[in-house]
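Structure first, then comments.
Since we're looking at a predicted model, the values are computed, not measured. When a ligand or atom number is given, it counts from 1 through the structure's own listing order. Heads up: numbering here begins at 1 and tracks the sequence.
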Amino acid sequence: MRRILVTGGAGFIGSNFVRMILGEQPDCLVVNLDKLTYAGNLENLASFLEHPNHKFVKGDICDGPLVADLIKDEKIDAIVNFAAESHVDRSITEPKVFIETNVAGTLTLLEAAREHRLERFIQVSTDEVYGALGKEGLFIEDTPLSPNSPYSASKAAADHLIHAFAHTWGLRCNITRCSNNYGPYQFPEKLIPLMINNALNDKPLPVYGDGMQVRDWLYVYDHCTAIWTVLTQAEPGRTYNIGGCNEKTNIDVVRTILKHLHKPESLVRHVTDRPGHDRRYAIDASRIMRELGWKPSVTFEQGLARTIDWYLGARDWLDSIVSGDYRNYYESMYDNR
Ligand code: NAD
Ligand code: TYD
C-alpha cells in the first residue's frame with residue numbers, strides 16, 4: 001500500500017485530491033495534515049472523514065516534530081505539499097504569513113523528507129512563479145522564474161528550495177506548476193466562485209481594471225489526475241507544467257458566468273486594479289502530455305458548467321462561508337475600491 005502525507009488537504013485543490021484518491025485508489029492511505037486556516041474546511045471532506053484509508057490531523061507544516069512523528073508513525077513514503085497561503089490579494093496586504101507557510105513550512109517538510117529518506121516529494125507550485133507574459137508566448141518549464149507578487153515570490157522561493165534539496169542531498173522531488181484552477185469547493189475569494197456567489201445574490205461583480213487580463217483555466221479534477229500521474233510515473237527531478245489550454249480574459253469569464261445564471265451584465269462593476277497585476281499567464285503543458293500521457297478531461301465550457309451546477313447545489317456550504325469572517329474580508333478588500 002502507498003502511504004502518502006498530503007498537506008493542505010482540507011483546502012480547495014487538496015480536498016479534491018484527497019477525495020479523488022479515496023474514491024479511485026483503494027491501495028493508498030492518505031494522512032492529511034492541515035492547519036485549518038480560513039481556507040481550510042472539513043466540510044470539504046464531509047463523508048470522507050471516516051474513510052478507513054484517511055487520517056485527518058489538524059496541525060501546521062511548520063511544526064517539525066509533528067511532521068517527523070507523522071512520517072515515522074504512519075510509515076509515510078511520499079509527501080504531496082498543497083499547504084499554502086494561496087491568495088494574491090491577501091499577500092499584498094499581509095505578506096508575512098506567506099513566507100512562514102509557503103517558504104519556512106516547505107523547508108520543514110523538506111528537512112523531514114530528507115531525514116526519513118522519503119521515496120518522493122511533490123511540490124504543488126504555480127505558473128505565477130514565471131511572472132507575467134505579454135500578448136504572445138507560453139510558459140515552459142525552463143522559463144526563468146520572475147515572480148511579481150509576494151504570493152508568487154514565496155512559491156518561487158519554495159521551488160528553489162526543492163531544487164536545492166534535490167541537488168544537494170538527492171531528495172527525490174518533482175515540482176508541478178499549474179495554471180488557475182476552478183471547480184467545486186473553491187473558497188469564494190477567488191475569481192470564479194466570488195463571481196458566482198455575487199451573481200447569485202444580485203451583488204455587483206468587481207472586475208479589476210479593464211478585465212482584459214488573461215488566465216489559463218484548469219479544471220481541478222484534471223489538476224488532481226496530473227499530480228497523481230507525476231507522483232506515480234515521473235522520474236525524480238522532473239518539473240511539469242499543468243494547464244488546460246483555456247486562455248480567457250477575466251471579463252469573458254465573468255460574462256459567461258452571468259449568462260449561465262441568467263443574470264444581467266449590468267452587475268459588472270469595474271473597480272480599482274490590483275497593484276502589480278500580472279497581465280497574462282499561459283502554459284505550455286506539452287511535457288506532461290508527451291512524457292506521461294496526461295491530458296485534461298474537460299473543456300473550459302464543460303468544466304465551468306459543472307462548477308456552476310455544483311455551487312447551485314451547495315448553497316449551504318457557500319452560505320456558511322460567506323456568513324462568517326468572509327464578510328469582514330470582503331468589506332476590507334472591496335469597499336472603497
Ligand atoms: P487553499 O487556500 O484553498 O487551501 C490551502 C490549504 O492549506 C487550506 O486547507 C489551509 O488550511 C492549509 N494551510 C495553510 N497554511 C497551512 C500550514 N501552515 N500548515 C498546514 N496547512 C496549512 O489553496 P488551493 O487553491 O487549494 O491551493 C493549493 C496549492 O496549489 C497551493 O500550494 C497553491 O499555491 C497551489 N496553486 C493553486 C492554484 C489555484 O488556482 N488555486 C493555482 C496554482 C497553484
Ligand atoms: P484570482 O482568482 O485571485 O487568481 P490569481 O490572481 O492567482 O490569478 O484572480 C484571477 C483573475 O481575476 C486575476 O486577474 C484577478 C482577477 N480578479 C478580479 O478581477 N476581481 C476579483 O474580485 C478577483 C478575486 C480577481
Item to check | is_close_aromatic(Trp310, Trp317), centroid dist under 6.0 Å | outcome: yes

Next on the checklist: Tell me the contacting part of Lys155 for ligand 1: side chain, backbone, both, or neither, using a 4.0 Å heavy-atom threshold, strictly below.
Outcome noted: side chain

Next on the checklist: Heavy-atom pairs closer than 4.0 Å: do any link ligand 1 to the side chain of Leu36, the backbone, both, or neither?
Outcome noted: backbone

Checklist entry - Is there side-chain contact between Glu85 and Glu94, with heavy atoms separated by less than 4.5 Å? => result no

Next on the checklist: Students should be able to answer this: which protein heavy-atom is nearest to atom 20 (N) of ligand 2, and at what distance?
Outcome noted: Pro206 O, 2.8 Å

Item to check | Region of Asn250 that comes within reach of ligand 2 [heavy atoms, distance under 4.0 Å] | outcome: side chain

Checklist entry - N/O of Asn180 under 3.5 Å from N/O of ligand 2, yes or no? => result yes

Item to check | Nearest-option assignment for atom 34 (O) of ligand 1, heavy atoms, candidates Phe17, Phe12, Tyr185, Tyr151 | outcome: Tyr151

Checklist entry - Parallel under 30°, tilted from 30 to 60°, perpendicular over 60°: which one fits the rings of Phe56 and His54? => result perpendicular

Next on the checklist: Nearest non-hydrogen contact with atom 2 (O) of ligand 1 belongs to which option: Gly8, Cys62, Ser86, Ser154?
Outcome noted: Ser86

Item to check | Salt bridge present between Arg2 and Asp77 (N-O < 4.0 angstrom) | outcome: no

Checklist entry - Should the pair Arg306 and Tyr311 be classed as cation-pi, given the thresholds of under 6.0 Å to the six-membered ring centre and 45° from the axis? => result no

Checklist outcome for this item: Check: of Phe187, Tyr208, Tyr182, min heavy-atom distance to atom 17 (N) of ligand 2 comes from Tyr208

Next on the checklist: Among all protein heavy atoms in this structure, tell me which lies nearest to atom 6 (O) of ligand 2, with the distance rounded to 0.1 Å.
Outcome noted: Arg274 NH1, 2.5 Å

Next on the checklist: So, regarding Met195 and ligand 2 (criterion: nitrogen or oxygen to nitrogen or oxygen, under 3.5 Å), is there a contact or not?
Outcome noted: no

Checklist entry - Hey, does Glu128 come in under 3.5 Å of ligand 2, counting only N/O atoms on both sides? => result yes

Next on the checklist: Can you tell me which portion of Ser125 lies within the under-4.0 Å heavy-atom range of ligand 1? Options are side chain, backbone, both, or neither.
Outcome noted: backbone

Checklist outcome for this item: Of Asp127, Ile61, Asp34, Leu66, the one whose closest heavy atom lies nearest atom 19 (N) of ligand 1 is Ile61

Next on the checklist: Any carboxylate oxygen within less than 4.0 angstrom of a Lys/Arg side-chain nitrogen, looking at Arg327 and Glu331?
Outcome noted: no

Next on the checklist: Is the ring pair Tyr182/Trp217 parallel, tilted or perpendicular, if the boundaries are 30 and 60 degrees?
Outcome noted: perpendicular

Checklist entry - Between Phe187, Tyr38, Phe82, which one has a non-hydrogen atom sitting closest to atom 31 (C) of ligand 1? => result Phe82

Checklist entry - Can you tell which of Gly11, Gly105, Ser15 gets a heavy atom nearest to atom 4 (O) of ligand 1? => result Gly11

Item to check | Pairwise side-chain contact, Tyr329 with Glu189, heavy-atom cut-off 4.5 Å (strictly under) | outcome: yes

Item to check | Ring-face cation of Lys155 near Phe98 (centre distance under 6.0 Å, axis angle within 45°) | outcome: no

Checklist entry - Any idea how His167 and His163 line up, ring-wise: parallel (<30°), tilted (30 to 60°), or perpendicular (>60°)? => result parallel

Checklist entry - Nearest to atom 14 (O) of ligand 2 by heavy atom, Met333, His277, Gln213: which? => result His277

Next on the checklist: Under 3.5 Å between any N/O of Tyr334 and any N/O of ligand 2: does that happen in this structure?
Outcome noted: yes

